[in-house]
Amino acid sequence: MTVYLKELKQDMKAWEIWTVAITFMLVLCVLIFPEMKNEMDDVSNLFSNMGGFSAAFGMDQVSFGEIMGFYGIECGNVLGIGGSFFAALLGISVLAKEEKERTAEFLYTHPVSRSSILTQKLFAVLTEIVAMNVVIAVAAVLSFLAVGEEVAVREFVLLHIAYLILQIEISGICFGISAFIRRGSIGIGLGIALAFYFMNIVANISESAEFLRYITPFAYTEASDIISKSELDMKLIGIGALLFAVGVCVGFVHYTKKDIAA
């Protein structure tokens with residue numbers, strides 16, 4: 001548990017900053033909804049007729065005049081982008097930082113196996129992601145109540161579960177890549193998250209690029225699909241779970257055999 005607690009303590013400040021920033025933006029979106037509600041029907045009609053742009057962001061299936069439609073599109077983008085960035089940064093740095101900060105010699109001379117260290121580091125990443133999402137979800141519910149809007153419980157829960165799974169998948173992929181990096185790279189993590197985000201936009205716009213939906217985790221977080229169908233795409237989530245498992249396994253296999261630079 002020593003490594004696990006060390007990781008949580010080391011990442012606490014970053015966790016607080018990212019959690020507060022995402023929560024603030026998300027709550028702000030909800031709080032401004034009553035001021036915009038009367039104009040949202042016209043906005044929905046406008047956006048729903050913008051062809052590929054509407055499809056790219058799912059605005060052809062939900063109404064901005066309803067709180068869940070507004071929340072799913074506007075707040076969903078905040079949580080999707082912000083959450084994926086945070087998850088990517090956690091995953092891409094969790095293994096590489098020991099060599100980058102030259103603490104590897106101290107850590108790996110202790111009577112703890114590398115596999116135990118990796119397991120504790122992975123669970124620390126997952127704990128931070130889950131904790132952040134719990135705080136955000138609670139704040140979102142309170143903001144709904146503050147503006148007098150009813151929470152569509154099933155759709156709300158499914159939406160947040162989808163984004164939680166997205167963040168876990170991205171963290172696992174970046175975890176595997178982190179095993180191959182000696183000095184760490186924030187750019188790689190952010191680049192992966194951004195690439196997945198734009199893959200989903202392209203897949204929504206172009207039928208010929210629809211295969212990208214099976215690669216990007218953003219495909220199963222589409223608010224329009226979740227809200228209109230009240231269910232998650234378990235096929236895409238299953239593929240995401242597989243990619244997470246591959247990333248973690250690759251990370252374990254490579255890192256346990258890797259020569260660690262002190």
Side-chain angles (χ1 to χ4, degrees), residues 47-62 68-69 71-92 125-126 129 133 155 157-181 185-254:
F47 282 156
S48 64
N49 294 312
M50 295 179 68
F53 181 84
S54 301
F57 294 96
M59 292 181 292
D60 55 339
Q61 299 183 55
V62 295
M68 279 308 300
Y71 182 82
I73 299 298
E74 295 295 330
C75 301
N77 278 325
V78 171
L79 181 55
I81 297 174
S84 64
F85 278 6
F86 179 64
L89 293 178
L90 285 178
I92 206 69
V125 169
L126 298 180
I129 291 174
N133 280 270
E155 289 77 10
V157 171
L158 289 177
L159 190 64
H160 278 268
I161 288 175
Y163 280 112
L164 173 62
I165 296 172
L166 171 142
Q167 294 162 26
I168 290 174
E169 179 186 341
I170 290 178
S171 70
I173 293 171
C174 290
F175 179 90
I177 295 173
S178 183
F180 294 86
I181 302 173
S185 177
I186 293 176
I188 294 176
L190 296 179
I192 290 171
L194 272 177
F196 281 143
Y197 179 74
F198 284 111
M199 279 182 192
N200 189 54
I201 292 177
V202 172
N204 287 339
I205 294 175
S206 173
E207 291 185 3
S208 61
E210 193 171 350
F211 70 93
L212 292 175
R213 288 175 53 81
Y214 298 99
I215 301 175
T216 171
F218 282 92
Y220 56 73
T221 64
E222 289 282 2
S224 56
D225 293 334
I226 294 173
I227 293 172
S228 62
K229 299 176 182 177
S230 295
E231 62 182 20
L232 298 177
D233 191 325
M234 299 308 299
K235 181 179 180 181
L236 294 179
I237 288 177
I239 294 173
L242 178 61
L243 292 176
F244 169 81
V246 170
V248 170
C249 288
V250 168
F252 267 78
V253 171
H254 182 75

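Taken from CZ in F218 to CD1 in I201, the straight-line distance is 9.0 Å, to the nearest 0.5 Å. Here E74 contributes atom CD and L79 contributes atom CG; the two are 13.5 Å apart, rounded to the nearest 0.5 Å. A distance of 9.5 Å separates CD in E169 from CD1 in I239, rounded to the nearest 0.5 Å. Note that CD of E155 and NE2 of H160 are 12.0 Å apart. Values are rounded to the nearest 0.5 Å. Residue L159 holds its CG atom at 11.0 Å from CG of D225, rounded to the nearest 0.5 Å. To the nearest 0.5 Å, the span separating CZ on F180 from NE2 on H254 amounts to 4.5 Å.
Annotation: side-chain hydrogen bond (donor to acceptor under 3.5 Å, both in side chains) contacts of Y163 (sequence neighbours excluded): none. Every residue meeting the side-chain contact (heavy atoms from CB on, under 4.5 Å) condition with V157, not counting sequence neighbours, appears here in chain and number order: V153, I161. Annotation: side-chain contact (heavy atoms from CB on, under 4.5 Å) contacts of L164 (sequence neighbours excluded): I129, V130, N133, I168. In terms of the side-chain contact (heavy atoms from CB on, under 4.5 Å) criterion, residue partners of I81 (sequence neighbours excluded) are, by chain and number, F85, Y197. Shown here are the ring-ring contact (aromatic ring centres under 6.0 Å, His included) partners of Y214, two or more places apart in sequence or in another chain: there are none. Taking the side-chain contact (heavy atoms from CB on, under 4.5 Å) definition, one finds that A88 meets it with I170, C174, A193, sequence neighbours left out.
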I would like to know whether I92 and I186 meet side-chain contact (heavy atoms from CB on, under 4.5 Å); could you show each step before the answer?
CA-CA 7 Å; I92 206 69; I186 293 176; 5.7 Å; no
Going through the distances and angles, do V250 and F175 end up as a side-chain contact (heavy atoms from CB on, under 4.5 Å)?
CA-CA 9 Å; V250 168; F175 179 90; over 6 Å; no
Any chance you could lay out the side-chain contact (heavy atoms from CB on, under 4.5 Å) test for L90 and Q167, step after step, and finish with the verdict?
CA-CA 10 Å; L90 285 178; Q167 294 162 26; over 6 Å; no
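For S228 (side chain) and S224 (main-chain N/O), a donor-acceptor pair under 3.5 Å exists by modelled atom type.
Heavy atoms only, all atoms of each residue included: F244 and S171 are closest at CE1-OG, 4.4 Å.
Between F196 and L166 the shortest side-chain heavy-atom distance does not fall below 4.5 Å. N200 is not listed as a side-chain neighbour of L212, based on a closest heavy-atom distance of 4.5 Å or more.
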